[in-house]
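Notes to accompany the following structure.
To find a chain, count down the sequence lines: A is the first, B the second, and so on, and within it residues start at 1.
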Protein chains: 2
Amino acid sequence: MKDPRPCSIADTLALVGEKYSLLVLREVFLGARRFDQLARNTGAPRDILTTRLRRLVDAGVLEKAAYSERPTRHEYRPTPAGLELEAVLMTLMAWGDRHLRTDDDRPMVIEHICGHELLPAVTCSACGGEVRHEDLTAHPQAPGWTVTGPTAA
Amino acid sequence: MKDPRPCSIADTLALVGEKYSLLVLREVFLGARRFDQLARNTGAPRDILTTRLRRLVDAGVLEKAAYSERPTRHEYRPTPAGLELEAVLMTLMAWGDRHLRTDDDRPMVIEHICGHELLPAVTCSACGGEVRHEDLTAHPQAPGWTVTGPTAA
DNA sequence: CCAGGTGGGTTTGATTTTCCAACCCACCTT
DNA sequence: AAGGTGGGTTGGAAAATCAAACCCACCTGG
């Protein structure tokens, strides 16, 4: 069955939501950009890595760039669109640090240029307030968009 | 092979990164909390949905609550930890709206309590600045954590 | 009392993906 | 020429997904 709900969350996940895709982006952001590094650091089987990279390049999230000819060698770099996905990774990391770990066994700490440890917050860019569930209201813009589903009121 | 990199991003994805899990959360946040609604609105096969829900409940992201006895009926509600994952979904949605669509065919608009459309931004909670890749520095806290991988400098 | 409907699943068997190891090729180094 | 490295491809076994059918408890209408 197809996802009956038109939605940018679903569309984005269709692109980067497969196993390893976001881990590949993590590595690329950290600076590990070559095939063998990506395979080692993500744990992805090499054939799967090949298909994930192809998809991310086709979608314009990564680009394949030569860093040497003779011998031909290349690496995968984030595009501007790809860089914006780092926000998703930071948010995921923060959630895991808070809920999957007891304090101070965090495997990685990100430092912000302001000098403090990065504790990312998702805010409303209009008012600057932190996003809380009870402050949000969803407005469907397209058909097929009822809360209860196709058959209900 | 196991993921050789200890990382909260990987751990969080291991929990909510399987196909349909985040779509289930989307629906729960929107208010569709019953098995049949979730199956319809996410497109997940019912058996897969069963295993995803079990996992999310076991992990403390959702809870199964009775809204009627005789007949026994229940729904899946987000826990406080689950609610915090809404930030991830908002960030994914914003990315998809920006990069996967031409303006104004967005299937959903979220309104913030401040009265404006929610355009979420990920910010540093210490300084309030928006998170940009070049402002971040990663600090490994655990072994196995070099940029280039186990065999490199 | 029986027929049908609804919520919430489980079962079955076919189809896809993933996985892992091995292999391949071009190029470099010794 | 022998071996190493980067960057993959190939083959077959194992695991996950899929759709449809089935099941059960409970309710409702006739």
Which nucleotide, D:dC18, C:dG7, D:dG7, lies nearest any side-chain atom of B:Arg73?
-> C:dG7
C:dT18 phosphate, OP1 or OP2: any side-chain N/O from B:Lys19 under 4.0 angstrom?
-> no
Rounded to the Å, how far apart are B:Leu38 CG and C:dG7 C1'?
-> 12 Å
In whole angstroms, how far is the C1' atom of D:dA25 from the NE2 atom of B:His74?
-> 12 Å
No-hydrogen, no-angle side-chain donor-acceptor test under 3.5 Å, A:His133 and B:Glu84 = no
Is there a side-chain polar atom (N or O) of B:Arg52 under 4.0 Å from OP1 or OP2 of D:dA16?
-> no
What is the distance, rounded to the nearest whole Å, between atom CG of B:Asp47 and atom C1' of D:dA20?
-> 11 Å
Could you work out which one of C:dT18, D:dT17, C:dC28 sits closest to the side chain of A:Ile48?
-> C:dT18
From CZ of B:Arg46 across to C1' of C:dT6 the rounded distance in Å is 11 Å
With a 3.5 Å cut-off and no angle check, do the side chains of B:Glu111 and A:His139 form a donor-acceptor pair?
-> yes
What are the two closest non-hydrogen atoms of A:Pro4 and B:Gly43, and how far apart are they?
-> CD-N, 3.7 Å
If only side-chain N and O atoms of A:Tyr20 are considered, is one of them under 4.0 Å from the OP1 or OP2 phosphate oxygen of C:dC19?
-> yes
The nucleotide from D:dC18, C:dG8, D:dG8 with an atom nearest the side chain of B:Pro45 is D:dC18
Distance-minimising heavy-atom pair for A:Pro78 and A:Leu62 = CA-CD2, 3.8 Å
Base D:dG7 paired with A:Arg34 side chain (donor-acceptor, <3.5 Å) | no
Classify the side-chain pair A:Arg34/A:Tyr67 by whether it contains a donor and acceptor separated by less than 3.5 Å.
-> yes
Rounded to the Å, how far apart are B:Arg54 CZ and C:dG8 C1'?
-> 12 Å
Short side-chain N/O contact to C:dG7 OP1/OP2 from B:Arg33, under 4.0 Å | no
Ignoring backbone atoms, test whether A:Tyr76 places a side-chain nitrogen or oxygen under 4.0 Å from the OP1 or OP2 oxygen of D:dG8.
-> yes
Separation of atom CG in B:Leu53 from atom P in C:dG9, rounded to whole Å = 7 Å
Take atom CG of B:Leu49 and atom C1' of D:dA16, then tell me their distance rounded to the nearest Å.
-> 16 Å
Of all the nucleotides listed (D:dG11, D:dC26, D:dG8), which has the minimum atom distance to the side chain of B:Pro71?
-> D:dC26
Could you tell me whether the side chain of B:Leu136 reaches within less than 4.5 Å of the side chain of A:Phe29, counting heavy atoms only?
-> no
For the side chain of A:Asp36, starting at C-beta, report the closest nucleotide among C:dC19, C:dG8, D:dG6.
-> D:dG6
Taking only side-chain nitrogens and oxygens of B:Thr72, does any of them come within less than 4.0 Å of OP1 or OP2 of D:dA25?
-> no
Taking only the side-chain heavy atoms of A:Phe35 (C-beta and beyond), determine which of C:dT10, D:dG8, C:dG9 contains the nearest atom.
-> D:dG8
In whole angstroms, the gap separating P of C:dT16 from CD of A:Glu18 amounts to 16 Å
